[in-house]
Asker: 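So that we are looking at the same thing, I have put the structure below in structure tokens.
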Amino acid sequence: MRELTYREAIREALREEIQRDDRVFIMGEDVAVAGGAFNVTQGLLAELGPERIFDTPLSESAIVGAAVGAALMGMRPVAEVMFADFTTIAMDAIVNHAAKMHYMYGGEVSAPLVVRLAYGGGMRFAAHHSQSVESWLANVPGLTIVMPATPADAKGLLKAAIRTPNPVIFLEHKLLYNTKGEVREGEYLVPIGQADIKRPGDGVTIVATGLMVDRALGAARSLAREGISAEVIDLRSIQPLDEETILGSVEKTGHLVIVHEAPVRGGFGGEVAAVVANKAFGYLDAPIQRVGAPWTPIPFSPTLEEAYLPKESDIVTAVRSVVGASAG
Amino acid sequence: MRELTYREAIREALREEIQRDDRVFIMGEDVAVAGGAFNVTQGLLAELGPERIFDTPLSESAIVGAAVGAALMGMRPVAEVMFADFTTIAMDAIVNHAAKMHYMYGGEVSAPLVVRLAYGGGMRFAAHHSQSVESWLANVPGLTIVMPATPADAKGLLKAAIRTPNPVIFLEHKLLYNTKGEVREGEYLVPIGQADIKRPGDGVTIVATGLMVDRALGAARSLAREGISAEVIDLRSIQPLDEETILGSVEKTGHLVIVHEAPVRGGFGGEVAAVVANKAFGYLDAPIQRVGAPWTPIPFSPTLEEAYLPKESDIVTAVRSVVGASAG
Amino acid sequence: MGYSDQLTEKDLIQMYRWMVLTRVFEDRICGLWGKGGVVELPHGSQGQEAIAVGACYGLRQQDHVMPSLRTRGAFLVKGISARVQMAGVYAKVTGPARGKATAHHMGDAERGVLLGSGIVGASITVAVGAALAFKLQRRDNVVVDFFGDGAAQRGDFHEGLNFAGVFKLPIIFVLENNGYSEYTPLSKHFAGSDFACRAQGYGFPGMRLDGNDIFAVYEAVQAAAARARAGEGPTLLECMTYRYRNHCEVQPPEAFRDPAEIEQWQAKDPIARMRAQLMQRGILTDALVSKITAEVEAEIDDAIQYAEESPFPAPEELYKDVYAPESPELVVGRRS
Amino acid sequence: MGYSDQLTEKDLIQMYRWMVLTRVFEDRICGLWGKGGVVELPHGSQGQEAIAVGACYGLRQQDHVMPSLRTRGAFLVKGISARVQMAGVYAKVTGPARGKATAHHMGDAERGVLLGSGIVGASITVAVGAALAFKLQRRDNVVVDFFGDGAAQRGDFHEGLNFAGVFKLPIIFVLENNGYSEYTPLSKHFAGSDFACRAQGYGFPGMRLDGNDIFAVYEAVQAAAARARAGEGPTLLECMTYRYRNHCEVQPPEAFRDPAEIEQWQAKDPIARMRAQLMQRGILTDALVSKITAEVEAEIDDAIQYAEESPFPAPEELYKDVYAPESPELVVGRRS
Ligand SMILES: Cc1ncc(C[n+]2csc(CCOP(=O)(O)OP(=O)(O)O)c2C)c(N)n1
Ligand SMILES: Cc1ncc(C[n+]2csc(CCOP(=O)(O)OP(=O)(O)O)c2C)c(N)n1
Ligand SMILES: [Mg+2]
Ligand SMILES: [Mg+2]
């Protein structure tokens, strides 16, 4: 099958959806002429024209607020907020407006917008351009939060996100933009809320999101060499959360390790742990282990950022500790 | 001992700290002349003068941003942001600035400010004036998040919060303002990061925050009549989190129920569950149960808001289910 | 006064009637507050009726309005019945969103009313987005966006107006300058001479006008709407007014302000003023005034009765409408 | 030109030298980018040096500056050595916050430099808070707050300036209008005629000036600082300028803009202009110019060598300084 980068897959999804549905449009800072801070929308202005993709002032609150208003009036905006760290300045439009519109209108209308955000570390962009923000939004009913880990999922999930009649936060990991993978041509959707078992196994369940899926797969490969069979689950969306897939896996493996790039404390891993400690308690053979960043802001210097970001070896260590715990 | 309301206890803490330290001042919308949306700062303008407490424009981002700047220059601002729902519009100043200053300055200076917020439902204020927002901020290293449940704690914790050289989010539950309790006169501090065992017990651990502490105590009383001995732990702060007290209790009781007013999914209860499922796994005799709001925005009508808010009976049911699970 | 001159007698009487209806609605709920029944804390718009009514009268159905805290009149003129609004005030299932939202900021897509916001000022960017949709859809509708002097200090005012200016959107910003943001007087939250001048910094016209003069408001909005429909972009209208009640009913009218100030403004009452003008022109008579008052009182009586008799929503309503239903193609294979 | 007239020859040469130092620093790191060593993505300020240097020259040590993206010159004039800044660019332990922060927005409390922000515009409210502290502390220091035309579209610009106006704070807002917000030209993000007029909406003076004329900048900032110290409140200075490099080094200078535009502005280069003026006045000579250039190049060579030779921070540095240490009274009895 054809290979595309994650970036190209997203671009293809945007192009296809805009061509399919004349309610869909893209706006954000430097998305049109300059093709986006990460070149995701490069070329789309020429292909689609200035009414379907346009640049805005440096006003994230207005970008998302206006997307909400346009969505209420029947449009399907895809708003780009560049760095996920800027969620803080669009937070009100997301949390108090987009998420609650359908409910507060009593179901009469809804706010079908997508907010695209580039998240994560690894590019030496320091504390204000590297954060993983999903848990800031994970306690907000009405939102859908998607975190694609592969080019194929990026395309199928984004197309689904654009078609969903609800507001979607779409988190793209910066380090994934250049990764390649097989991507089907043309039309397909990946249903939002369906986790993907990226590697089957029966000794331990590793639940991961975004860039960490790849690290988890790497860890699983080295664990296999030690005779530990790890099942790697890519959540793909944290809301809806596919509890069934997680629980089914833990019932089989009896061991759970959760991995995300955000700090462990207060991160979404707690939710996954709580669901399992409630609904699959009887199947657990060992403590639940979480892997994530430490409790610090994100530092600039490479030596520090390396120390900050969760690594394959951290996952391996965590798995060994839970598998060892039940063995011991 | 003397009784004060939670409101009066907060006011007393503010007065004492302003009189003690001339770097401390209060600013916010209608805090001075009008005494605050919940009358907390009533009378302080006359007592303390217009340089120590003053009204600001309707600009929450500027209120907290300016508090950060003033704190960097040696002041100790107490910023009031009225409804906790407005965290969304002060989020950037809190998350990207207050929380990270000490780190980004390499420890040279810090941002010792307190942001006071009134949170929670029960007053028919609907979706934009009733939220419990603590988990939106729970994944942000650098912050301290305090949620007093009693008048005595409100005073002692607020005084500690003002003196801490770090930014503190201070969440006051609206329905607690009128509750009365014994409050010592004069100087005392409640250390932030020390949970309080509000009722000892040995059959089940109930971990709660804010208004839910009282509901948990109510539940514990009715459970006692059924012969179930519940230990009620008031976290008092979710960051720092007093893991030792939680773990010590669960090691004793073998059962854990976590209660907060925010929706269960993505709420801070997940963090508590994850810590216990990791560090006290071997002591757990039953699944961990969480009690919180459902996955909906906060509705307006009393019949709906009642259905939304976690009740004593929900806690009782949850406790019965975990105790029953291990008995059965 | 080109637009006002074209108003027929019927129009004028209707406009007057809307203002009276607004006033009586507000007076009644303020009076009922604390006596049981009224669940929603009233934030009365008495004294400011000319703005909401003058701005909304003559709009098309698909022109949209974004309410402020003080736009009861806009809801009425746009066609949301007193019954539904009152049911909202009573938090009944017959109210907005079947009891889930307040009447204060209710939305009604059918009638061209955007859902307002409890986050003061945030509604401005949403209103701008609605205007953006009109532009993209090549529909010549306009958005009338109401907000107060307090809201004008929020970042969203700035981002919203600049955004609208850059894209020349069909929106009219109606700033209700009533001199207070809650209990804080203008002098304590604003150091400029007027808000109208801010429009210049966004590249479109702004003007200050007498917000207690319904004709001035009608005129200015109609002119701005014509501009907007012609693709000439936004307008900022700073309407000077005053609210007689306090921020909300937890404080008496005179708290934190000079009673003389209230009296001064009562002398400029927008309803009395229009009544006097129409009586002078012979369009209103004592008899007609009494008739209108009686009709309006009856309408509000009926609304109250309707609200009282309506049931509260059943608890299960809580769980409905968190997410809009998805088409089957989106859920294929989904387990969650 | 009252303030400029009082500048001594030494001052003038020093100002010129700061601009050259800024230019050379930026040129060198842009040149080194991509060739290893330089970790921080350069956002060059070449072409805008007169603003940072002109605004900061003559400030007191305890006057604080809040940097923008393009204020390398401000760091230098405020006394942060090229060595420390270069170590920051190289992400070494000898740089800002021992490698935890970038050189771009570094803070230095001792030298009166506030920590900037990667969240464009957010630094404005923080700068306003510093000015609030000065007022509350009754210290007659001022804050000079730099930001760009893009930042001026953020809500924080509005809330910050209004807040400063209401409280008459000692702050000077220096808007570096270089015609672009990243790659978006002014015409696409601004429909007004100028930014200076926005000050009126906050109740303080605003003026547009030639930001490539170091004397105009110095003059305006000194006058504004005198006003601020006298308790007369803020000033907005819109400084017209241009950046030669693109937003950052991921794009070549001419991407998304007309090369002719760059050339036009190069003809108005702030350094060449000051040099010509000082040569005409006999203050600079060819020999002195060469000497300054050589000294500056040597200073940057030294800084680069220092940065290259400095170690990266040890991984444990990561965990330090998340929270400031608490006094014992606060931790009594604490377990967590
Ligand atoms: C963002 C936000 N801040 C504060 C409040 C509390 N509040 C409600 S109304 C109000 C004042 C609004 O003043 P203005 O915009 O002038 O409207 P008015 O009430 O005078 O009509 C405030 C501060 C709020 N609801 N939202
Ligand atoms: C809040 C925010 N939005 C977007 C960005 C990305 N960004 C960085 S610089 C910039 C443009 C800034 O333009 P301006 O303020 O004019 O400064 P200049 O770079 O021209 O000096 C943008 C959009 C950011 N860092 N922060
Ligand atoms: Mg007002
Ligand atoms: Mg610029």
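Here is the naming used below: chain letters follow the sequence lines, and residue numbers restart at 1 for every chain.
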Asker: What closest approach, in Å, do Thr303(B) and Phe312(C) show between heavy atoms, and which atom pair accounts for it?
Answerer: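 Minimum heavy-atom contact is CG2-CB, 3.4 Å.
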Asker: Quick one: CZ on Phe83(B) to CD1 on Ile119(C), what's the gap to the nearest 0.5 Å?
Answerer: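 These two atoms lie 9.5 Å from each other.
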Asker: Counting heavy-atom pairs closer than 4.5 Å to chain C, which one of Ala37(B), Ala62(B), Ser59(B), Pro297(B) comes out on top?
Answerer: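 Going by pairs under 4.5 Å, I would pick Ser59(B).
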Asker: So which part of Ala314(C) gets closer than 4.5 Å to some heavy atom of chain B, the side chain, the backbone, both or neither?
Answerer: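 The backbone, not the side chain.
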Asker: Quick one: closest heavy-atom pair of Pro299(B) and Leu318(C), and the distance?
Answerer: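 Closest approach of Pro299(B) to Leu318(C): CG-CD1, 3.5 Å.
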Asker: Return yes when atom NZ of Lys78(C) has more than 12 non-hydrogen atoms of other residues, nucleotides or ligands closer than 6.0 Å, and no otherwise.
Answerer: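 More than 12 heavy atoms, drawn from other residues, nucleotides or ligands, come within 6.0 Å of this atom.
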Asker: Any non-hydrogen side-chain atom of Asp55(B) less than 4.5 Å from a side-chain atom of Tyr183(C)?
Answerer: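 Not in contact.
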Asker: Give a yes or no on whether the backbone of Ala91(C) and the side-chain of Ser301(B) come within a donor-acceptor separation of less than 3.5 Å.
Answerer: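 Pair found, side chain donor or acceptor close to backbone of Ala91(C).
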Asker: Would you indicate whether the side-chain heavy atoms of Lys100(C) and Leu304(B) approach each other to under 4.5 Å?
Answerer: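 The answer is yes, as the side chains (C-beta and beyond) meet within the 4.5 Å cut-off.
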Asker: Contact part of Glu316(C) toward chain B, heavy-atom cut-off under 4.5 Å: side chain, backbone, both or neither?
Answerer: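 Glu316(C) has no heavy atom closer than 4.5 Å to chain B.
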Asker: Ignoring hydrogens, what is the shortest heavy-atom contact between Thr102(C) and Ala126(B)? Give both atom names and the distance.
Answerer: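 Of all heavy-atom pairs spanning Thr102(C) and Ala126(B), the closest is CG2-CB, 3.9 Å.
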Asker: I need the residue from Ser117(C), Ala151(C), Gly155(C), Ala255(C) with the largest number of non-hydrogen atom pairs under 4.5 Å to chain B.
Answerer: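 Answer, by heavy-atom pair count under 4.5 Å with chain B: Ser117(C).
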Asker: Taking it one step at a time, do Ile89(B) and Arg154(C) satisfy side chain to side chain contact (heavy atoms under 4.5 Å, CB included)?
Answerer: CA-CA 9 Å; Ile89(B) 51 178; Arg154(C) 280 283 326 286; 3.3 Å; yes
Asker: Taking Tyr319(C)'s backbone N and O only, do any of them form a donor-acceptor pair with Thr296(B)'s side chain (distance below 3.5 Å, no angle check)?
Answerer: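 Judged by distance alone, no pair lies under 3.5 Å.
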Asker: Is the count of non-hydrogen atoms from other residues, nucleotides or ligands lying under 6.0 Å from Glu261(C) atom CD greater than 12?
Answerer: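 Above 12, so yes.
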Asker: Under 4.5 Å heavy-atom distance to chain C, tell me which part of Ala34(B) shows up: side chain, backbone, both or neither.
Answerer: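 It is both, since atoms from each part get that close.
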Asker: So what's closer than 4.5 Å to chain B heavy atoms on Tyr323(C): side chain, backbone, both or neither?
Answerer: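 Just its side chain gets close to chain B.
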Asker: Chain C heavy atoms under 4.5 Å from Ser61(B): which part of the residue, side chain, backbone, both or neither?
Answerer: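 Neither part.
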Asker: If you define the side chain from C-beta out and look only at heavy atoms, does anything of His128(B) sit under 4.5 Å from His104(C)?
Answerer: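 Counting from C-beta outward, His128(B) and His104(C) never come under 4.5 Å.
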